[in-house]
Amino acid sequence: MTQWLIEFKDAGQDFLYWVVDESGVILQSMPCQSNIWTQYALTNLDSLRPGAAAAIAKDGVASTVKYPVSGVRKIAAVEVAVHIFAGGYATNTVMGKRATCAFNGLKAVERLAEKLWPGIQCDFERLPCTEVGRLHGKWKLRPSVPEHCGDATREQVIQWCIAKGCNFVDPVFPAPRGWMWANGPSNLVLTPIFTMTDQGDDVTAGEVAARKPEELVQ
């Protein structure tokens, strides 16, 4: 499942980055406050752009983060080209970011990875490349999300269901990471994929409805 890094404008707050899955579940907050923000669901991932406000919800109560978003970047493998210039080595621009190094091409690639996905480990593979003109080489960057930042917890799934208005009749896709829609006794349920998630029983319509504010219960 695709994951995204949401970057916030630095105003001295304790969090600068979120890792979210493609359904909007907040999996991690960096450098601090994961215990707070992973209780919320991000509800406007599809339309989120730099300069906009992140819309969130918890127990059906919607709000926005006061710090504007400064970047929205997919956490996925990318190819990077490095060129030689008068001051050393420079990468091409990837998702609005580039990096340089005076003495080493790989170091420029490593610096680019730090700019793209702060706090996320990357593997670097040098690709076959014919050095022509100023072209020094090409690399593939493979970011890897930490294990604790993988599947959504039961609480995150419940919050996601409330934020998305799931009726457990028509499935909403994509489902949170590590969960899938399945047929229950009377309607659909969200069930943990046992090979990936250990979160107990299915999440049902009744359980989600019990968590909604009264005005949201039909």
Calculate, to the nearest 0.5 Å, the distance between atoms OG1 and CD belonging to Thr153 and Gln159 respectively. 9.0 Å
Atom pair CZ (Arg98) and CG (Leu116), whose distance is rounded to the nearest 0.5 Å: 12.5 Å
Side chains of Trp181 and Phe173 in contact at under 4.5 Å (non-hydrogen atoms): yes
Return the minimal non-hydrogen interatomic distance between Ala163 and Thr43, and the atom names on each side. CB-CG2, 3.6 Å
What distance do Lys66 atom NZ and Phe8 atom CZ have between them, rounded to the nearest 0.5 Å? 13.0 Å
For Gly96, is there any backbone N or O sitting under 3.5 Å from a side-chain donor or acceptor partner on Thr93? no
Out of Ile193, Leu190, Val189, which residue meets the side-chain contact (heavy atoms from CB on, under 4.5 Å) rule with Met180? Ile193
Applying a strict under-4.5 Å side-chain criterion to I, L, V, M, F, W and Y, I'd like to know whether Trp4 and Val19 cluster together. no
Does a side-chain N-to-carboxylate-O contact under 4.0 Å join Glu110 and Lys115? no
Could you state whether Tyr17 and Val69 fall into the same hydrophobic cluster, counting links through intermediate Ile, Leu, Val, Met, Phe, Trp or Tyr residues with side-chain heavy atoms under 4.5 angstrom apart? no
Please report the interatomic distance CD(Gln28) to OG(Ser34), rounded to the nearest 0.5 Å. 5.0 Å
What verdict does the side chain to side chain contact (heavy atoms under 4.5 Å, CB included) test give for Tyr67 and Phe15, after you've listed the backbone C-alpha separation in whole Å, the side-chain angles of each residue and the deciding distance to 0.1 Å? CA-CA 10 Å; Tyr67 307 106; Phe15 66 96; 3.7 Å; yes
Determine whether Asp201 and Pro192 make a side-chain contact, defined as any pair of heavy atoms from C-beta on separated by less than 4.5 Å. no
Evaluate side chain to side chain contact (heavy atoms under 4.5 Å, CB included) for Val20 paired with Val25, printing each intermediate quantity in order. CA-CA 5 Å; Val20 305; Val25 169; over 6 Å; no
Mark yes or no for whether Asp14, through its side chain, and Cys32, through its backbone, hold a donor-acceptor pair below 3.5 Å. no
Which atom names give the shortest non-hydrogen contact between Ala99 and Ala108, and what distance separates them? CB-O, 3.4 Å
For Trp139 and Cys129, what are the C-alpha separation, side-chain angles and deciding distance, and is it a side chain to side chain contact (heavy atoms under 4.5 Å, CB included)? CA-CA 9 Å; Trp139 278 262; Cys129 174; over 6 Å; no
Using a 3.5 Å distance criterion without hydrogens, assess whether the side chain of Gln156 forms a donor-acceptor pair with backbone atoms of Thr38. yes
In terms of side-chain geometry, is the basic nitrogen of Arg126 or Glu131 positioned less than 4.0 Å from the acidic oxygen of its partner? yes
Taking the side chain as every heavy atom from C-beta outward, state whether Leu127 and Glu79 have any atom pair closer than 4.5 Å. yes
Just how far is it from atom CG of Leu42 to atom CH2 of Trp37, taken to the nearest 0.5 Å? 11.0 Å
Flag side-chain contact, heavy atom, 4.5 Å: Asn44 against Ser47: yes
Looking only at side-chain N and O atoms, does Asp21 offer a donor or acceptor that is under 3.5 Å from a partner on Ser23? yes
Are any non-hydrogen side-chain atoms of Trp160 and Val172 less than 4.5 angstrom apart? yes
Starting from Val109, can I reach Met95 by hopping between I/L/V/M/F/W/Y residues whose side chains sit under 4.5 Å apart? yes
Can you tell me if Ser144 uses its side chain to pair, donor with acceptor, with the backbone of Cys122 under 3.5 Å? no
With a 4.5 Å limit on heavy-atom distance, are the side chains of Leu106 and Phe124 in contact? yes
Tell me the closest heavy-atom pair linking Glu22 and Pro174, and the distance in Å. CG-CG, 3.4 Å
dist Ile120:CD1 -> Gln3:CD (nearest 0.5 Å) comes out at 8.0 Å
If two hydrophobic side chains count as joined below 4.5 Å and joins carry through other members, does Trp18 share a cluster with Tyr40? yes
Could you tell me whether Glu155 and Arg211 make a salt bridge, using a distance below 4.0 angstrom between a side-chain N and a carboxylate O? yes
Residue among Lys138, Lys140, Arg142 satisfying salt bridge (Lys or Arg N to Asp or Glu O under 4.0 Å) with Glu125: Arg142
Taking C-beta and beyond as the side chain, do Val203 and Ile158 meet within less than 4.5 Å on heavy atoms? yes
Is there a chain of hydrophobic side chains (I, L, V, M, F, W, Y, each step under 4.5 Å between heavy atoms) that links Val78 to Leu135? no
Report the C-alpha distance between Phe103 and Tyr89 in whole Å, list the side-chain angles of each, state the deciding distance to 0.1 Å, and finish with yes or no for ring-ring contact (aromatic ring centres under 6.0 Å, His included). CA-CA 7 Å; Phe103 58 86; Tyr89 302 87; 8.5 Å; no
So, Gln33 side chain and Ser29 main chain: donor-acceptor pair closer than 3.5 Å or not? no
Taking Thr100's backbone N and O only, do any of them form a donor-acceptor pair with Arg111's side chain (distance below 3.5 Å, no angle check)? yes
Between Asn167 (side chain only) and Val169 (backbone N and O only), is there a donor and an acceptor less than 3.5 Å apart? yes
Can you name the closest pair of heavy atoms from Trp117 and Ile75 and give their distance? NE1-CA, 3.8 Å
Report the C-alpha distance between Glu207 and Arg154 in whole Å, list the side-chain angles of each, state the deciding distance to 0.1 Å, and finish with yes or no for salt bridge (Lys or Arg N to Asp or Glu O under 4.0 Å). CA-CA 11 Å; Glu207 184 177 5; Arg154 186 181 192 81; 2.9 Å; yes
Give a yes or no on whether a salt bridge exists between Glu7 and Arg73, defined as a side-chain N under 4.0 angstrom from a carboxylate O. yes
On a heavy-atom basis, which atom in Ser70 and which in Pro50 lie closest, and how many Å separate them? O-CB, 3.8 Å
Are the side chain of Asn92 and the backbone of Ala81 linked by a donor-acceptor contact shorter than 3.5 Å? yes
Passes side chain to side chain contact (heavy atoms under 4.5 Å, CB included), Thr2 versus Lys74? Steps please. CA-CA 7 Å; Thr2 303; Lys74 189 176 183 180; 3.5 Å; yes
Any non-hydrogen side-chain atom of Lys97 less than 4.5 Å from a side-chain atom of Thr91? no
